[in-house]
Amino acid sequence: MTARPLVMGVLNVTPDSFSDGGRYLAHAAAIARGRELVAAGAQIVDVGGESTRPGAVRVGSEEEIARVLPVLEALHAEGITTSLDTMNAATARAALAAGVDYINDVSSGGADPEMLRVVAAGDAGFIAGHWRGFLDPADSHAHYADPAAEVAAELAATAGRLAAAGINRERVILDPGLGFSKTGEHNWAVLRGLDELSRLGYPLLIGASRKRFLGELLPAQATVHDRDLPTAVLSALLADRGIWGVRVHEPAATAAALDVWEHLRR
Ligand code: PMM
């Protein structure tokens, strides 16, 4: 029987103030938000210190480590399962030393040539996203004849690279990277053809939460929070497809949807 998917709660640590006081407050607020995510139904807290949005300015690993490490350490000390959303090997190395449970790299090692070596040397899980290069506002890599088949083939190649780097298959989770070099139509095509990805035999994580392709279903005046309902509905529908987990900003909505899904199957 298909297991209930894990809920991964998104925790962005991007402090507005760079003074010590601001940093401390930002960390305290982030740690509190991490606890909130768990209370709302997340089993994993995914901590990120760098935006992956199109055109976002890259953050150096030193700055990224200063943002995320105290938060990861505090959540880990409380027994919370943590994940680090990063494209920097140095940040991954610091987080692995602090006991992080998963490294979540939307570039699956493509952005930093050291990443796979660092992950191989640790024992955390590795979430490898489908990626065709750094995002650019023009979406220059977003060209597909058959999105689901191409994403599956490219993730199969990624899985091969991970194995060659010495990362055991049991540690790997694949993610189609919705919105990464993909238009809304591409995202839908990948989701419709999810079985092609399932056939690779790896656990799948889906990050659809609040993404633009869900916002496009809503009235023009809808806010980003209004996207939590379609996100939750999609989580329940994807649960039927046997996915391993969903990465969401508002775990309460998705947990409620998964409760419905679970009761319906009893
Ligand atoms: N999307 C974003 C960031 N990290 N990680 C995984 N594994 N999968 C995703 O789809 C993903 C991710 C970008 O979305 P956000 O800016 O709303 O967090």
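Remember, predicted model here, so these are calculated numbers, not experimental data. Atoms within each ligand, like the ligands themselves, are counted from 1 in listed order.
A side-chain donor from one of D46 and S83 sits under 3.5 Å from a side-chain acceptor of the other.
Each of N104, L6, D175, T254 was compared with R247 under the side-chain contact (heavy atoms from CB on, under 4.5 Å) criterion, and only N104 meets it.
The residue from I127, L205, N187, D175 that puts a heavy atom closest to atom 8 (N) of ligand 1 is D175.
For R210, no heavy-atom contact with ligand 1 is shorter than 4.0 Å.
Remark: R171 fails to qualify as a cation-pi partner of Y102 under the 6.0 Å distance and 45° angle criteria applied to the six-membered ring.
Those atoms of ligand 1 that come under 4.0 Å of a heavy atom in N104, given as number and element, are 5 (N), 6 (C), 7 (N). Of all atoms in ligand 1, listed by their number and element, those nearer than 4.0 Å to a heavy atom of V106 are 4 (N), 5 (N), 12 (C).
No more than 12 heavy atoms of other residues, nucleotides or ligands lie within 6.0 Å of CD in E62, so this atom counts as exposed by the packing criterion.
Ion pairing between a basic and an acidic side chain is recognised when a charged N comes within 4.0 Å of a carboxylate O; E154 and R132 show such pairing.
Between K211 and ligand 1 there is a heavy-atom distance shorter than 4.0 Å.
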